[in-house]
Student: 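Pasting a structure here, questions to come.
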Amino acid sequence: MNRNDKKYQEFRKKERKRKINNLLQNLLLTFFVVLFAFPIYWIFIGAFKQKGEFFHYPPIFLANQFKFDNFTRALTLGGSKGVTDSLIVACIGTLLVIILALFTGYGMGRFKCGGQNLSFFVLSLLFLPPIIAVLPLFIIFKYLRIVDSYIALIWSYFLINLPFAIWLIKGFIEDLPEEIESAALVDGYSRFRAFWKVTFPLIIPGVVVSALFVFVFAWNEFLFALMFTRSNVRTLPVVLSELIGGHGIQWGELSALSLVAIIPGVLLVVFFQKYLVRGLTFGAVKG
Amino acid sequence: MEVLRLENVYKNYGKNEAIKNLNFSCEEEELFVILGPSGAGKTTTLKMISGLEEITKGKIFLKNKLVNNLEPKDRNVSMVFEDYALYPHLTVYKNISSPLEAIHLSKDEIDKKVREIARLLQIEELLSRLPSMISGGQKQRTVLARSLVKRANEYLMDEPIAHLDAKLRYQMRGELKRLQQIHKMNILYVTHDFREALSLGDKVLILNKGVTQQIGTPKEIFNKPANTFVANLVGDPPMNLVEGNLKAKDGQYFFQVGNVFIPLSNSLADELLSKINQEKIIFGIRPFDLHCYLKQKENAKILNIEVYMDEIIGHYNIISIKLDDTIVKIREDKSFKVSMGDKISIDFEEEKLDFFDAISGNRIF
């Protein structure tokens, strides 16, 4: 082939352009990955650093040894209680929210319970800044003598998360063709049995997504946990904040416990990825 | 024996009256068809009978038992939905077995019945598949199987074959009729296609905007439409409806449309005059009851009229002429050849004429 051929030159030019585009794209992607992943890496590496290595110059980017001293110290300094308390509050809270949101969302989505007003009210609750609920809730809890208890935290997370979960699940119910449920009713199932046989299995992706969001919210929540608890209940975010003390910051323990705090979220996403992707794109394709 | 009876049933959605004073009854082993255009209230009627919709007023009886306040599950009806409504997360087998599981039959019994109906509908090899993995026709069979697997008081079918392609639709229509006769089922069938209604139905009810237009056998519906709506709905092309005036001239009665005068016999005109008190009437005639002649035919009813349009559809030649502003269609054999603008004569037998009131549209005779 003639290498001076015009077409050949054009082809080469295009190829070069594509290569440059590719390179730029990859550079940009790398930049953002580093931007977002580096802090997590920094926590990871920090969890294995010894005292003195934190402010070392030049900075230490690789751990010299993988010793778990920081972890054991962090867990004895209230970390293990933090993990258990966070798990108790987040799990029970999520369970309650999802159960109630399932029935409420079903009622609102299927029967238009409460009409436009109720669903708008529920939506408006989503925009409520949590801090304005702190004072009234605190007073209520004080009179009920449940400050510094699991109930207080579960209750407040329940209140904050319920509107969101209802809204999500309601949307999933509305996306489901009513005929499918009608078919089950005519088949001879009661409304309740039809719900479990047909509706629930079909909105599982939505339920998983809602549960995930609710759980992660409760797991990460700091404000309520700080306000409503003293010593009986201490969730992870509170414990973490206490590692930043008056005498100085316990960097190693802080990093180790932060790493522990990341684990449930990562595990949940990994295990429920299938539902998550389906849940987030539900309704995009008519089934 | 009467299986299903509706008495003075009304259904309102807010201020909107979807069904007005519906009355009909279905006999045992009868295939009863409700025919109407979209928005007529056909699906609403089925939903009211199955219990999916409450009724505003009236009574519904199933096997002589008032079911107004019964849940769908306590009515023992089965229903085929227009868009299938298969359970997407369950296999074909599980879809079909669903009505049997609802009444807690034993596993063996369920298995026996599911396989039996699957064999009958030729979907045996699909039982382990999910609805998303089968074709439209197969979905249709699955829905039918799910509906037929249990012995129901009444089988409600909402346009069950409307979404199939023409060839499959034709085939399923025949099969459905056969199934119904073999299993002696009571079917209430809803459709917007008059061909389906007339070919399947033992009895046909015609519904428009929630109001019953006519109830009768397919033959009655076709031969003696109760009003212009029914006449227009049934037939392809539908009945020609021409509005005109009854006139007398030189001792002869005429039906006058624009400047065309169509002679009527005295006996017919007398009968008409005894039943109407205005000269304006609508006359109707089926396209195949009109005959065209290329040459001047003696005593033909309409002489020297111009061909407005001519289309050959399969075996037929549909010729259109224009009477005043109304297009009249004539069905001739395809061997009859004319072209636009040709002059033809048209003849018909007087007995084939139908007359309708020009104002109410109701049949005069």
Student: Do the side chains of Lys112(A) and Glu174(A) get close enough for a salt bridge, i.e. N-O under 4.0 angstrom?
Tutor: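 Salt bridge: yes.
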Student: Charged N to carboxylate O under 4.0 angstrom, Lys184(B) versus Glu28(B)?
Tutor: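 Not counted as a salt bridge, because no side-chain N and carboxylate O are separated by less than 4.0 Å.
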Student: For the ring pair Tyr189(B) and Phe32(B), is the centre-to-centre distance below 6.0 Å?
Tutor: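 Not under 6.0 Å, so no.
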Student: So, using ring pair (Phe, Tyr, Trp, His ring centres under 6.0 Å) as the criterion, who are the partners of Phe31(A) when residues are at least two apart?
Tutor: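 If we apply the ring pair (Phe, Tyr, Trp, His ring centres under 6.0 Å) test to Phe31(A), skipping adjacent residues, there are no hits.
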Student: Would Phe111(A) and Tyr106(A) count as a close aromatic pair, with their ring centres under 6.0 Å?
Tutor: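 Close enough - the centres of the two rings lie under 6.0 Å apart.
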Student: Only heavy atoms, only distances under 4.5 angstrom. Which residues in residues 92-101 of chain B are near chain A?
Tutor: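 Against chain A, the residues of residues 92-101 of chain B that fall inside the cut-off (heavy atoms, under 4.5 Å) are Ser98(B), Pro99(B), Glu101(B).
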Student: Provide the closest heavy-atom pair for Ser147(B) versus Met157(B) in the form atom of the first, atom of the second, distance.
Tutor: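 Closest approach of Ser147(B) to Met157(B): OG-CE, 4.4 Å.
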Student: Heavy atoms only: give me the nearest Trp219(A)-Ala90(A) pair and the separation to one decimal.
Tutor: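 Of all heavy-atom pairs spanning Trp219(A) and Ala90(A), the closest is N-CB, 4.2 Å.
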Student: Is it the side chain or the backbone of Ala194(A) that comes within 4.5 Å of chain B heavy atoms, both, or neither?
Tutor: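 The answer is neither part of Ala194(A).
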Student: Output the residues of residues 106-113 of chain B for which the shortest heavy-atom distance to chain A is under 4.5 Å, in residue-number order; output 'none' if no such residue exists.
Tutor: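 Counting heavy atoms that sit under 4.5 Å from chain A, no residue of residues 106-113 of chain B is involved.
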Student: Counting only heavy atoms not in Phe222(A), do more than 12 fall under 6.0 Å of its CZ?
Tutor: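 Counting other residues, nucleotides and ligands, CZ of Phe222(A) exceeds 12 neighbours.
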Student: Counting a contact as any heavy-atom pair under 4.5 Å apart, which residues of residues 48-85 of chain B contact chain A?
Tutor: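 Residues Ser50(B), Leu52(B), Pro72(B), Lys73(B), Val77(B), Ser78(B), Met79(B), Phe81(B), Asp83(B), Ala85(B) are the ones that qualify, each having a heavy atom under 4.5 Å from chain A.
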Student: Assign the ring pair Trp196(A) / Phe103(A) to parallel, tilted or perpendicular, where the plane angle (0 to 90°) is split at 30° and 60°.
Tutor: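 Judged by the thresholds at 30° and 60°, the geometry between Trp196(A) and Phe103(A) is perpendicular.
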Student: How many angstroms lie between CG in Leu176(B) and OH in Tyr155(B), if you round to the nearest 0.5 Å?
Tutor: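 Reported to 0.5 Å precision, the distance equals 12.0 Å.
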Student: May I ask you to decide whether Glu15(A) forms a salt bridge with Lys17(A), counting only side-chain N to carboxylate O separations under 4.0 Å?
Tutor: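 A salt bridge is absent here (no side-chain N lies under 4.0 Å from a carboxylate O).
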